[in-house]
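Each remark here refers to the structure printed beneath this line.
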Amino acid sequence: VTCQDIADFLGSYHDGTLSEAQRAVFEEHLGVCPDCIAYLHSYEMTIKLSKTAGAKAYHPQCANAPEDLIRAIIDARKRST
Amino acid sequence: MNAFTIESELLSGLRAGDENVCDQFVRENTRRMLSLAWRFLRNEDDAADAVQDAFLSAFRSLDRFEGASSPATWLHRIVINTCLMKLRSKSRRRTCSIHDLVPSFDDTGHHAEPVSRWSESAFDTLVSAENHDQVRECIDLLPEDYRTVLVLRDIEELDTDQTAAVLGINPGAVKTRLHRARQALRTLLDPFMSDGKEREIAPPK
């Protein structure tokens, strides 16, 4: 197994969809390859960062009840029916 | 009244064009849908347009809605589809090429570049609220097809099959794109994440 193989299967490893045998091979490589450990570590941090930054990724103004937009939608619905 | 009764009353009110029910449906869902649209379009006016278009198209197609999910979930899908259509029709801002962002390997299958060590302290800095813009700007640099999958899977938390259905691609393609999108985002975040020791030579293998 090469680092390239490890990089290809990282997503499946992270999602827990590798077979037990595949996971054993994966982890055996990790045990002897600091680069792949570092890469895995940074891959998992990346996922956490996009979750936290993304989950709160609304424009500050979207946080308030957007009364203008609500009115516009309600009016447009009435015009179209 | 149980949740199911409330949902079916909501649906019949919407279908009958009951003014109070329709207004309330708009009032209760606009804010969340606006946040959702903003995640895709990253522009306030475009997001507002998409939400309005989505509501109107939802109201128009109520008779085709089979009630398999709640009206709010159904609306959620329509907003996503509306945003995706807007993204496709628009000439998008500059993005990076995916090939430049995924890791490269030498002939023996080893990382071609040294892999930097990300520090916990850099992570703590970037994960804090005042630095979310930095992460979002990196997400924005992903090529559109990859950014969309990352937003749907890792941020909106749809599963692989749901994402495949929304995008009209197969689940295998969703997995591949998600993995490449994460790898590419990792590359874009890399400059913020090492503590200066990143060029340290890894111990011999």
Side-chain angles (χ1 to χ4, degrees), chain A residues 1-15 17-18 29-81, chain B residues 17 19 22-23 26-27 30-31 34-39 42-44 47-48 51-52 55-56 59-60 102-103 105 108-111 114-118 123 126-127 129 131-136 138-139 150-151 154-157 160 175-176 178-179 182-183 185-186 189-190 193 202-203 205:
Chain A
V1 203
T2 65
C3 302
Q4 184 163 13
D5 299 325
I6 295 297
D8 286 345
F9 285 99
L10 213 52
S12 312
Y13 179 74
H14 175 82
D15 297 338
T17 53
L18 290 183
H29 180 94
L30 286 183
V32 297
C33 184
D35 272 348
C36 284
I37 293 179
Y39 196 83
L40 173 64
H41 186 57
S42 60
Y43 184 88
E44 290 179 332
M45 279 181 171
T46 298
I47 296 169
K48 285 187 197 142
L49 285 169
S50 57
K51 272 193 210 303
T52 45
K56 292 176 188 150
Y58 49 72
H59 193 278
Q61 292 194 4
C62 302
N64 306 314
E67 192 54 38
D68 291 353
L69 179 59
I70 291 172
R71 287 261 41 110
I73 295 169
I74 288 174
D75 291 345
R77 187 190 73 83
K78 282 172 193 156
R79 276 199 309 277
S80 70
T81 48
Chain B
E19 201 152 298
C22 292
D23 290 5
V26 173
R27 203 162 278 287
T30 297
R31 190 171 109 184
L34 195 54
S35 298
L36 172 65
W38 195 78
R39 268 170 221 158
R42 303 300 309 276
N43 170 294
E44 213 181 318
V51 171
Q52 177 158 346
F55 266 107
L56 294 179
F59 283 122
R60 267 197 309 273
V102 295
F105 298 89
T108 62
H110 287 103
H111 283 273
V115 178
S116 60
R117 274 53 174 159
W118 286 18
F123 176 80
L126 214 52
V127 89
N131 293 308
H132 285 171
D133 278 345
Q134 212 135 42
V135 178
R136 283 177 222 156
C138 291
I139 294 174
L150 186 96
V151 170
D154 280 347
I155 298 173
E156 289 300 318
E157 301 189 326
T160 300
K175 284 185 195 160
T176 308
L178 175 64
H179 180 49
R182 288 165 170 176
Q183 287 187 310
L185 182 60
R186 183 215 164 271
L189 291 171
D190 199 37
M193 291 300 292
K205 296 181 185 66

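Per chain, numbering begins at 1; letters A, B, ... match sequence-line order.
The structure places CG of B/Leu189 at 5.5 Å from OG1 of A/Thr46, a figure rounded to the nearest 0.5 Å. Rounding to the nearest 0.5 Å gives a distance of 6.5 Å between CD of B/Gln52 and CG of A/Leu69. A/Lys51 contributes atom NZ, which lies 11.0 Å from atom CD of B/Glu156 (distance to the nearest 0.5 angstrom). For the atom pair B/Leu34 CG and A/Ile70 CD1, the distance stands at 9.5 Å (nearest 0.5 Å). If you take CD1 on A/Ile47 and CD1 on B/Ile155, they are separated by 11.5 Å, rounding to the nearest 0.5 Å. Here the NE2 atom belonging to B/His110 is positioned 11.0 Å from the CD atom belonging to A/Gln4, to the nearest 0.5 angstrom.
Nearest approach of A/Thr52 to B/His132, heavy atoms of both residues: O-CE1, 3.7 Å. Between A/Cys36 and B/His111, the shortest heavy-atom distance links the atoms SG-NE2, 4.3 Å.
Contact of B/Leu185 with chain A is made through backbone and side chain together, with heavy-atom distances under 4.5 Å. The part of B/Leu150 that comes within reach of chain A is its side chain, from C-beta onward, which places non-hydrogen atoms under 4.5 angstrom from that chain. The contact between B/Thr108 and chain A is made entirely by backbone atoms, counting heavy-atom distances below 4.5 Å. Looking at B/Gln183, both its backbone and its side chain come within 4.5 Å of chain A, counting heavy atoms on both sides. Only the side chain of A/Asp15 comes within contact range of chain B, with heavy atoms under 4.5 Å apart.
Looking at heavy atoms from C-beta onward, B/Phe59 lies out of side-chain contact with A/Ser80 at the 4.5 angstrom threshold. Between B/Arg117 and A/Pro34 there is a side-chain heavy-atom pair separated by less than 4.5 Å.
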Trace of the side-chain hydrogen bond (donor to acceptor under 3.5 Å, both in side chains) decision for A/Ser42 with B/Arg186
CA-CA 7 Å; A/Ser42 60; B/Arg186 183 215 164 271; 2.5 Å; yes
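Under the 6.0 Å cut-off for aromatic ring centres, B/His179 and A/Tyr13 do not qualify, their centroids lying 6.0 Å or more apart.
Between B/Arg31 and A/Glu67 no salt bridge is recorded (no basic side-chain N to carboxylate O distance below 4.0 Å).
Residue with the most contacts toward chain B among A/Asp5, A/Ile6, A/Asp8: A/Asp8 (heavy-atom pairs, distance under 4.5 Å).
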